[in-house]
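What you are looking at is a predicted structure, and each value in this text was computed from that prediction instead of being measured. First the proteins, then the strands, lettered A, B, ... as listed; each starts at 1.
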Number of protein chains: 2
Amino acid sequence: MLKKERHDFIMRQINLHNRVLTSDLVQLLNVSEDTIRRDLQELVDLGKLYKVHGGALSKSYHSSFDDSTVYARDSKIIIAKKATSLIKDGMVVLTGGGTTVLEFVKQLPENLEATFFTISPLVAVELAKYNNIEVILIGGSFSKNSQVSYGGSVINQLSEIKVDLCLMGTSALHPDAGMTDTDWEINQLKKAMLAASKKSAVLCISEKLEITLRLKVCPIESISYLVTELNNDDLLLQPYLSKNNVNIL
Amino acid sequence: MLKKERHDFIMRQINLHNRVLTSDLVQLLNVSEDTIRRDLQELVDLGKLYKVHGGALSKSYHSSFDDSTVYARDSKIIIAKKATSLIKDGMVVLTGGGTTVLEFVKQLPENLEATFFTISPLVAVELAKYNNIEVILIGGSFSKNSQVSYGGSVINQLSEIKVDLCLMGTSALHPDAGMTDTDWEINQLKKAMLAASKKSAVLCISEKLEITLRLKVCPIESISYLVTELNNDDLLLQPYLSKNNVNIL
DNA sequence: CGTGTTTTTGCGGTTTTTTGCAATTATGTA
DNA sequence: TACATAATTGCAAAAAACCGCAAAAACACG
């Protein structure tokens, strides 16, 4: 069996069961432990899975249960602070969920007067702490993974509003492929959010740039503002993005 | 089972119940006590939980326990535990907000299969921790005081559903005046919730009994179940309530 | 086709990690 | 205080990971 075939086999197992045991793979693929370990290490280097003593776990599995510690918190705070400059008194804003957006809300100026629509209950609770912000929570089926409202009724409600700016995080952004995602419902949701907004801002830590996932949300030129933790000079994509009218923050 | 998986399992239990017993984990994970103790110690080193004699507690629980902002927490826990007996597999339930309802959600049995509608984002987030509970968050204008969705759109959405049981806290309950409130919008909301439900349960600490506020929500006989922290014998209203077909828990 | 190079793979030996056991100590409770 | 339960410690066996090496296979190129 070719190495590539083994890698594909391992990734199938990972996607199916979220985990693999070294010992199982030795039996199934009929190669030595060392070979399996080398395979796993290579897949780790490609960022495709997570290695632990005794086997490996899928990346999504790992991140979804690790909710007590926010990953890359420092970067997210930098992004959040930058993003607040987009918000002016009197604006009507729509936000998604996620730790970066939540951090953004915490950084807003105390006396901001604005109206916020949001699909995230945690964001709503945080926004409610501001006296002069009107909060409208958009409800629907509640996603256990992403902790936001989703589904048909959310899409319907979004189709009835038009806001100045929509603000969301993303799992992947690529100069050619644009914004992409893995979950179909979240994908639909983001499309509807963009359609409901005059302008859009995407909050994205740099390591998620230049990654492409299965489902396309929108092309790169649909994004009005990209907010990362990098300086403009350090952002290699900068010229390409500017060409597509994406403002960099 | 891999060590990482055990750690994730433990953290899930902690997030769900705010505590774990060493002895329970030994049975559930089928490893020796020593292994569990080492696991717990490692999670302590990672700052993810708090170790005590006999098991471990969640960090948030520990801090919220010290946090005296939750008034009469002990009574509310008693009420919450009693109220869980009203919920059976397969039920469709509607809940309001408030600390007592939130505590109720935390006390639900781990594998409950049910559908919950709620107007409270915090309740939704807490419910989402249960694998077999479907959560539908009802959105609308968000109340800074009561931390729930309210207003016309909520009333509309409530008019479209019919659930088995509606569960809410209250600020006042009186044998003659029934359930009363001070806030007009919350008043309307509660009426709509009751109208959307076949049966209703009111969670109420005893000190709010025999109080009357300005706005009437419903007469006493509209309440199917009253849950307080008292024993039946200590509840002076008991005969009167039974006469009006209110079940006491 | 032949030869030198790179890649892949398995093996032996060593080190690290994990786990359970037993003996001891600590803790909480009647 | 005494007793039961839980925690700690040291230890040893088993499992897994690591390291260097060499055989085998695949590849490149004249």
> How would you label the contact of V52(A) with the nucleic acid (heavy atoms, under 4.0 Å): base, sugar-phosphate, or nothing?
Replying inline: sugar-phosphate
> Rounded to whole angstroms, how far apart are NZ on K51(B) and C1' on dA7(D)?
Replying inline: 7 Å
> Rounded to whole angstroms, how far apart are CD on E33(A) and C1' on dC18(D)?
Replying inline: 12 Å
>> On DNA chain D, does the nearest nucleotide to R37(A) precede the nearest nucleotide to R37(B) from the 5' side, or the other way round? Give the residue.
In response: R37(B)
>> What verdict does the side chain to side chain donor-acceptor pair (under 3.5 Å) test give for S143(B) and S146(B), after you've listed the backbone C-alpha separation in whole Å, the side-chain angles of each residue and the deciding distance to 0.1 Å?
In response: CA-CA 6 Å; S143(B) 158; S146(B) 17; 2.9 Å; yes
>> Is it the case that the side chain of D164(B) and the backbone of V92(B) share a donor-acceptor pair, with hydrogens and angles ignored and the cut-off at 3.5 Å?
In response: yes
> Can you check whether T228(A)'s main-chain N or O pairs, donor with acceptor, with K82(A)'s side chain at less than 3.5 Å?
Replying inline: yes
> Between atom NE2 in H53(B) and atom P in dA6(D), what is the gap in whole Å?
Replying inline: 7 Å
> Which heavy-atom pair separates G97(B) from S120(B) by the least distance, and what is that distance?
Replying inline: CA-CB, 3.7 Å
>> By nearest heavy atom, map D34(B) and E42(B) onto DNA chain C; which one lands nearer the 5' end?
In response: E42(B)
> Taking atom P of dA26(D) as reference, at what distance in whole Å does atom NZ of K4(A) sit?
Replying inline: 19 Å
> Any idea which heavy atoms bring A80(A) and E103(A) closest together, and the distance?
Replying inline: CB-C, 3.6 Å
> Any donor and acceptor pair, going by atom type alone, linking the side chain of K144(A) with main-chain N or O of I133(B) inside 3.5 Å?
Replying inline: yes
> Within the structure, does a side-chain N or O atom of S23(A) lie under 4.0 Å from either OP1 or OP2 of dA15(D)?
Replying inline: no
>> Could you tell me how far apart L21(A) (CG) and dA15(D) (P) are, to the nearest whole angstrom?
In response: 14 Å
> Mind checking which nucleotides bracket the chain A contacts on DNA chain C, 5' to 3', with an atom under 4.0 Å from a heavy atom?
Replying inline: dT8(C) to dT18(C)
